[in-house]
Structures are given as C-alpha cells and as structure tokens.
There are 2 protein chains.
Amino acid sequence: MEPKGRTRMTIGQLAEKTATDAQTIRYYERQGLLLDPPRTESNYRVYDENSVTRLTFIKRAKEIGFSLNDIKVLQGIADGEVRQCSEIQAFAESRLSKIRAHMADLTAMERTLSSLVNQCALSDKIEDCPILETLTERE
Amino acid sequence: MEPKGRTRMTIGQLAEKTATDAQTIRYYERQGLLLDPPRTESNYRVYDENSVTRLTFIKRAKEIGFSLNDIKVLQGIADGEVRQCSEIQAFAESRLSKIRAHMADLTAMERTLSSLVNQCALSDKIEDCPILETLTERE
DNA sequence: AACAACCTTATAGTAAGCTATAAGGTTGCA
DNA sequence: TGCAACCTTATAGCTTACTATAAGGTTGTT
Ligand SMILES: [Zn+2]
Ligand SMILES: [Zn+2]
Ligand SMILES: [Zn+2]
Ligand SMILES: [Zn+2]
C-alpha cells in the first residue's frame with residue numbers, strides 16, 4: 001500500500017511516468033483533455049496519481065483507435081454526465097465502422113498493388129512493366 | 001480515329017474531363033507532378049491529351065495507395081530515367097509493406113474494440129462498462 | 001456595352017496531433 | 001555563486017493534400 005492520492009509530480013515526472021512528452025501533456029491540457037492542474041507558488045504544474053490515470057486513459061483510447069476528439073466525448077461519459085452504457089457502445093461502434101471502412105480501402109489497395117508487384121516480378125523489361133501499364137493505360 | 005495530340009483544352013475542360021478540381025490541377029503543377037503547360041497570349045494554360053494521361057496516371061496511383069511524393073518518383077521512372085523494372089517493383093513493394101503495416105495496426109484496433117463492444121452489449125449498467133474499464137484500468 | 005462564366009495570381013486556412021523555438025524564471029546542488 | 005536541468009509562456013512550424021478567398025483580367029454571348 002502506498003499513500004495514494006498524495007503523490008506530487010512535476011510535468012517532467014508525469015511525462016517520464018507515462019512515456020509522454022511534456023509538450024504533449026501541455027497540448028492535451030490546452031485541448032481540454034486534461035484538467036488545468038494546480039500550481040506551485042512559482043507557477044509549476046503539480047500532478048498526482050489521478051493525472052496518471054487520465055493520461056493512461058488517453059493513451060489507451062488512442063491505441064484502440066479513438067481520436068483526441070473522440071476521447072473528449074469518452075471522458076464526458078466516463079466522468080458521469082448521466083449517460084448510459086448503450087451510448088458508449090453506439091459511439092464505439094461508430095468508430096469501429098470507420099476503422100472497418102478504412103480497412104476495406106486498404107485491402108483493395110493491397111490486393112491491386114500486390115498483384116501488380118507479382119506480375120512485375122515475371123520480367124525485367126521496363127517496356128512492359130505491368131505497374132506502369134496499369135497507371136498509364138487508357139480508359 | 002480522332003485527331004490525337006492536337007486537342008486544346010483550358011484548365012476547366014481538363015478538370016471536367018478528369019473529374020479533378022482546377023485548383024487541384026494547379027496545385028499538382030506547383031508540386032511538380034504536372035509540367036508547366038504552354039499558355040495562350042492571354043496567359044491561359046493550354047492542355048492536350050497528354051495532360052489527360054498524366055492526370056489519370058496520378059489519380060490511378062493515388063487509388064493504389066501512393067502518395068503524391070511517391071508519384072513523383074514513379075513519374076521519374078515512367079519518364080525513363082534509365083531505371084529497371086526491378087526498381088519500380090522494389091518501390092511498389094516498400095509502399096505495399098507500409099500499407100500492410102497500417103492494416104495490421106487497424107486489425108489490432110478492430111479486434112480490441114469489437115470485442116469490447118460485444119461485451120458492452122451484455123449489460124447496460126454503466127458502472128461496469130467494459131469499454132470504460134479497459135480504458136481506465138491500472139497497469 | 002453589359003454580363004456571366006471563365007481564367008490569372010498570391011495568400012491564407014483547413015484537418016490532426018504534435019514539435020520546435022525563443023526568451024525567460026526556478027530549483028537543486030557543488 | 002555558479003551552473004545545469006528543470007519549469008513557464010507565446011508563437012510558429014511541421015505533415016499531406018487540398019480548399020478558400022481576394023482581387024483582378026479574358027472570353028463569348030446578347
Ligand atoms: Zn490510414
Ligand atoms: Zn515492372
Ligand atoms: Zn492508421
Ligand atoms: Zn458499456
């Protein structure tokens with residue numbers, strides 16, 4: 001057991017602890033993703049364990065594919081603005097469908113390009129390189 | 001048979017023909033993706049069928065997943081700076097591996113998020129929403 | 001001659017998420 | 001006291017691929 005909720009950290013220490021650049025932390029603050037922390041007499045930001053939790057939330061959400069804007073919404077929900085789980089679910093589902101659409105685009109690209117690369121491997125005459133042909137070909 | 005190579009077009013006509021905005025065509029010109037076209041006495045750009053071919057090349061390459069910078073390289077190759085087909089192939093392969101890496105990222109996101117969404121569907125109590133739990137959970 | 005619909009340039013703004021720079025104040029330690 | 005290593009703010013720049021705006025010149029038709 002450590003004395004929780006009493007840790008005091010500078011921005012540099014929070015940065016170190018969460019593997020986030022201090023500049024980025026200030027940026028998140030400006031964007032409203034992190035609350036304005038209290039300050040020391042000399043105007044240094046003071047963080048505690050709650051800040052670590054917040055920042056970790058942001059990093060996790062980013063990994064799962066949420067944008068910073070999405071994350072603001074998620075925080076609003078997490079912070080208990082009387083919403084329902086189904087609302088989060090719907091929100092996550094809409095992000096999920098964006099991810100899937102993006103994947104479909106990439107899959108189409110991957111298919112076309114890999115087939116071209118394979119055909120290209122067959123001969124080394126640039127005159128009939130299938131990649132260039134595909135790009136140049138009329139209609 | 002139409003009299004090819006003798007077509008004269010304004011930027012608006014080229015834009016129409018290739019479904020590209022005229023501003024975008026000028027932008028490609030500034031970026032060096034399109035050659036500076038000849039001008040009329042009144043300084044209007046004059047295009048011909050070659051310009052259509054060039055623009056089509058650009059649009060196709062974009063669809064396959066090349067960036068505008070990539071396309072400049074491809075054009076250099078297509079314009080015959082004594083390179084070999086294997087060079088194009090290597091280039092296309094490197095782009096392909098970027099696409100695949102991106103897909104792998106998205107796949108991981110998709111997996112995590114869809115599993116969360118499914119679990120979330122099971123109960124509507126926000127207190128134990130698995131999405132929020134995953135984001136907030138320590139370690 | 002009037003007018004719309006084109007064309008020209010230069011400049012600045014948009015998206016997202018940082019990252020860099022300048023110019024200065026504070027802390028901690030030898 | 002000196003100095004490094006922190007901290008502060010404001011401002012600007014980066015990436016990619018456009019997109020918008022302003023202010024003006026040209027073309028073609030009535
Ligand atoms: Zn992507
Ligand atoms: Zn080839
Ligand atoms: Zn991505
Ligand atoms: Zn839920």
Side-chain angles (χ1 to χ4, degrees), chain A residues 8-34 36-48 51 54-55 57-75 95 98-99 101-102 105-106 109, chain B residues 8-34 36-48 51 54-75 95 98-99 102 105-106 109:
Chain A
R8 287 169 61 88
M9 272 174 277
T10 64
I11 196 168
Q13 289 163 336
L14 178 61
E16 168 94 1
K17 198 159 187 174
T18 58
T20 311
D21 194 89
Q23 293 251 58
T24 303
I25 295 175
R26 291 192 197 97
Y27 173 73
Y28 288 165
E29 182 185 314
R30 277 200 301 287
Q31 298 310 114
L33 288 162
L34 294 173
D36 292 14
R39 304 286 185 124
T40 64
E41 278 190 2
S42 56
N43 204 32
Y44 282 23
R45 288 170 179 81
V46 181
Y47 295 99
D48 62 13
S51 315
R54 280 258 162 194
L55 250 183
F57 184 104
I58 294 171
K59 299 203 98 186
R60 291 244 169 78
K62 272 167 57 73
E63 272 164 30
I64 298 182
F66 290 103
S67 70
L68 296 189
N69 243 326
D70 289 343
I71 294 171
K72 268 204 267 191
V73 178
L74 285 174
Q75 286 179 336
R95 167 55 54 179
K98 281 183 199 162
I99 291 174
H102 198 153
D105 283 355
L106 292 176
M109 289 177 186
Chain B
R8 286 170 61 87
M9 272 174 278
T10 64
I11 197 169
Q13 290 162 336
L14 177 62
E16 169 95 358
K17 199 159 187 173
T18 58
T20 312
D21 193 88
Q23 294 250 55
T24 303
I25 296 175
R26 292 192 197 98
Y27 171 74
Y28 287 166
E29 182 184 316
R30 278 201 302 286
Q31 299 309 116
L33 288 163
L34 294 172
D36 291 13
R39 304 287 185 121
T40 64
E41 280 190 359
S42 56
N43 203 32
Y44 282 24
R45 288 170 177 81
V46 180
Y47 296 99
D48 62 12
S51 316
R54 281 259 161 190
L55 249 183
T56 307
F57 184 104
I58 294 171
K59 298 203 98 187
R60 290 245 170 77
K62 271 167 57 71
E63 272 165 29
I64 298 182
F66 290 103
S67 70
L68 296 189
N69 243 326
D70 289 344
I71 294 172
K72 268 205 266 193
V73 178
L74 285 175
Q75 286 178 335
R95 168 53 54 177
K98 280 183 200 162
I99 292 174
H102 198 151
D105 282 355
L106 292 176
M109 288 177 187

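Only this structure's heavy atoms are used, side chains among them; waters, hydrogens and symmetry mates stay out. The chains referred to below are lettered A, B, ... by the order of the sequence lines, with proteins before strands, and numbering in each begins at 1.
Listed pair A:Lys62 / C:dC18 meets the phosphate criterion, a side-chain N or O lying under 4.0 Å from OP1 or OP2. Within the structure, every side-chain polar atom (N or O) of B:Tyr28 is placed at least 4.0 Å from both OP1 and OP2 of D:dA17. In terms of phosphate contacts, B:Thr10 brings a side-chain nitrogen or oxygen within less than 4.0 Å of OP1 or OP2 of C:dC7. Listed pair A:Arg45 / D:dC7 fails the phosphate criterion, with no side-chain N or O lying under 4.0 Å from OP1 or OP2.
At the heavy-atom level, A:Arg26 lies under 4.0 Å from base atoms of the strands shown. At a threshold of 4.0 angstrom between heavy atoms, the contacts of A:Thr40 with the nucleic acid are absent.
Straight-line distance from the CD atom of A:Gln31 to the P atom of C:dT19: 14 Å, rounded to whole Å. Between A:Glu16 atom CD and D:dA5 atom P the separation is 15 Å, expressed in whole Å. Atom CD1 of B:Ile11 and atom C1' of C:dT9 are 12 Å apart (whole Å). The distance from atom CD1 of B:Ile25 to atom P of C:dC7 is 9 Å, rounded to the nearest whole Å. Taking atom CD1 on B:Ile71 and atom C1' on D:dT16, their separation rounds to 12 Å, with Å as the unit. Remark: C1' of D:dT8 and CD of A:Glu41 are 16 Å apart, rounded to the nearest angstrom. In this structure, the CE atom of B:Met9 is 16 Å from the P atom of C:dC6, given to the nearest Å. Atom CG in A:Leu33 sits about 12 Å away from atom C1' in C:dC18, given to the nearest Å.
Set against D:dA17, C:dT8, D:dT8, the side chain of B:Ser67 has D:dA17 as its closest nucleotide. The side chain of A:Leu68 lies closest to C:dC18 when the candidates are D:dT19, C:dC18, D:dG25. For A:Arg39, counting side-chain heavy atoms from C-beta on, the closest listed nucleotide (C:dT19, C:dG25, D:dT8) is D:dT8. Minimum atom distance to the side chain of B:Gln23 is reached by D:dA20, of the listed C:dT9, D:dA20, D:dT8. Nearest nucleotide to the side chain of B:Ser42, out of C:dT9, C:dT26, D:dT26: D:dT26. Side-chain proximity of A:Tyr27 to the nucleotides D:dT26, D:dT8, C:dT19 is greatest for C:dT19. Among the nucleotides C:dC18, D:dT8, C:dT8, the one closest to the side chain of B:Asn43 is C:dT8.
No donor-acceptor pair closer than 3.5 Å links the side chain of A:Lys98 to the backbone N or O of A:Gly65.
Residues B:Leu68 and B:Leu33 share a closest heavy-atom pair of O-CD2, 3.5 Å. B:Ala19 approaches B:Lys59 most closely through the heavy-atom pair O-NZ, 2.8 Å. Heavy atoms only, all atoms of each residue included: B:Met109 and A:Lys62 are closest at CE-O, 4.3 Å.
To the nearest 0.5 Å, atom CG of residue A:Leu74 and atom CG of residue A:Asp70 are 6.5 Å apart. For the atom pair CZ (B:Arg45) and CD1 (B:Ile11), the distance works out to 5.0 Å, reported to the nearest 0.5 Å.
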